[in-house]
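Worth knowing before you read on, the calculation uses all heavy atoms, side chains too, and leaves out hydrogens, waters and symmetry mates. Everything numeric in this text was worked out from a predicted model, so none of it was measured.
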Amino acid sequence: MDIGSIATIVATILGSFGGLEFIKWLGSRKKNEVDWLEERITQRDAKIDALYIELRQEQANKLEEIHKRHEIELALKDAENNRCDRPDSECGRRKPPRIKLECKEVKNEKD
């Protein structure tokens, strides 16, 4: 017997014992990789969703803060427009510049 025929016999014996198991291992290996990849994608999707929720909450908080500041700025402008330009002694008779005085019209009544 030559070395080629001995190698063929050994390969046949090993193949008969482990060939089927090797094919099963290859099939399960691919299935395990697919399952692992699907699990990873699911985990990443969940993480991205959580990050988007956190981002939207932060944006809502910032918008709320902006609205509060604008309300305060409007109140400040309103107070500036209603300030008293008279001296302290005459402040009781002040008329804020915003409030327009009504003009009294003289009506001609016919008897």
Side-chain angles (χ1 to χ4, degrees):
M1 285 175 64
D2 64 351
I3 294 188
S5 62
I6 294 175
T8 306
I9 293 171
V10 171
T12 306
I13 293 172
L14 290 176
S16 66
F17 287 120
L20 184 59
E21 292 299 319
F22 179 72
I23 292 171
K24 286 182 183 177
W25 177 78
L26 282 177
S28 68
R29 181 175 154 246
K30 288 185 179 183
K31 183 181 177 190
N32 288 341
E33 286 179 6
V34 170
D35 291 342
W36 180 80
L37 288 173
E38 286 178 350
E39 183 180 334
R40 272 301 270 177
I41 289 171
T42 304
Q43 289 173 353
R44 285 186 181 171
D45 286 345
K47 187 174 184 177
I48 288 171
D49 291 342
L51 289 173
Y52 270 116
I53 290 170
E54 186 179 342
L55 174 67
R56 298 296 180 238
Q57 288 174 346
E58 288 297 320
Q59 288 175 339
N61 290 342
K62 286 185 179 183
L63 282 175
E64 184 179 332
E65 184 66 28
I66 288 171
H67 289 299
K68 285 180 184 178
R69 288 178 186 233
H70 283 182
E71 287 177 7
I72 291 171
E73 287 176 7
L74 287 173
L76 179 64
K77 279 289 185 190
D78 193 37
E80 286 176 2
N81 287 334
N82 287 327
R83 73 175 185 269
C84 180
D85 291 333
R86 295 182 174 256
D88 287 339
S89 62
E90 297 178 2
C91 206
R93 294 183 291 154
R94 78 175 184 96
K95 294 182 173 69
R98 272 183 92 167
I99 297 175
K100 295 183 180 179
L101 298 176
E102 295 179 12
C103 297
K104 295 181 182 179
E105 296 180 14
V106 178
K107 294 182 180 179
N108 293 331
E109 295 182 9
K110 295 184 180 177
D111 290 311

Chemist: Taking the basic N atoms (NZ, or NE/NH1/NH2) and the acidic carboxylate oxygens, is any pair closer than 4.0 Å for K68 and E64?
Modeler: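 The answer is yes: the pair qualifies as a salt bridge.
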
Chemist: Side-chain heavy atoms under 4.5 angstrom apart, residues restricted to Ile, Leu, Val, Met, Phe, Trp, Tyr: same cluster for I48 and L55?
Modeler: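 The answer is yes; both residues are in one hydrophobic cluster.
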
Chemist: Would you please name every residue forming a side-chain hydrogen bond (donor to acceptor under 3.5 Å, both in side chains) with Q57, sequence neighbours left out?
Modeler: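 In terms of side-chain hydrogen bond (donor to acceptor under 3.5 Å, both in side chains), with neighbours along the sequence ignored, Q57 is linked to no residue.
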
Chemist: Residues two or more places apart in sequence or in another chain: which of them pass side-chain hydrogen bond (donor to acceptor under 3.5 Å, both in side chains) with E65?
Modeler: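 Result, side-chain hydrogen bond (donor to acceptor under 3.5 Å, both in side chains) vs E65: R69.
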
Chemist: Compile the donor-acceptor pairs under 3.5 Å between side chains in residues 35-46 and protein atoms, sequence neighbours left out, one pair per line.
Modeler:
| unit_1 | atom_1 | unit_2 | atom_2 | d |
| --- | --- | --- | --- | --- |
| E39 | OE2 | Q43 | NE2 | 3.4 |
| T42 | OG1 | E38 | O | 2.8 |

Chemist: If I take atom CD1 from residue I72 and atom NZ from residue K77, how far apart are they, to the nearest 0.5 angstrom?
Modeler: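 The distance works out to 15.0 Å.
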
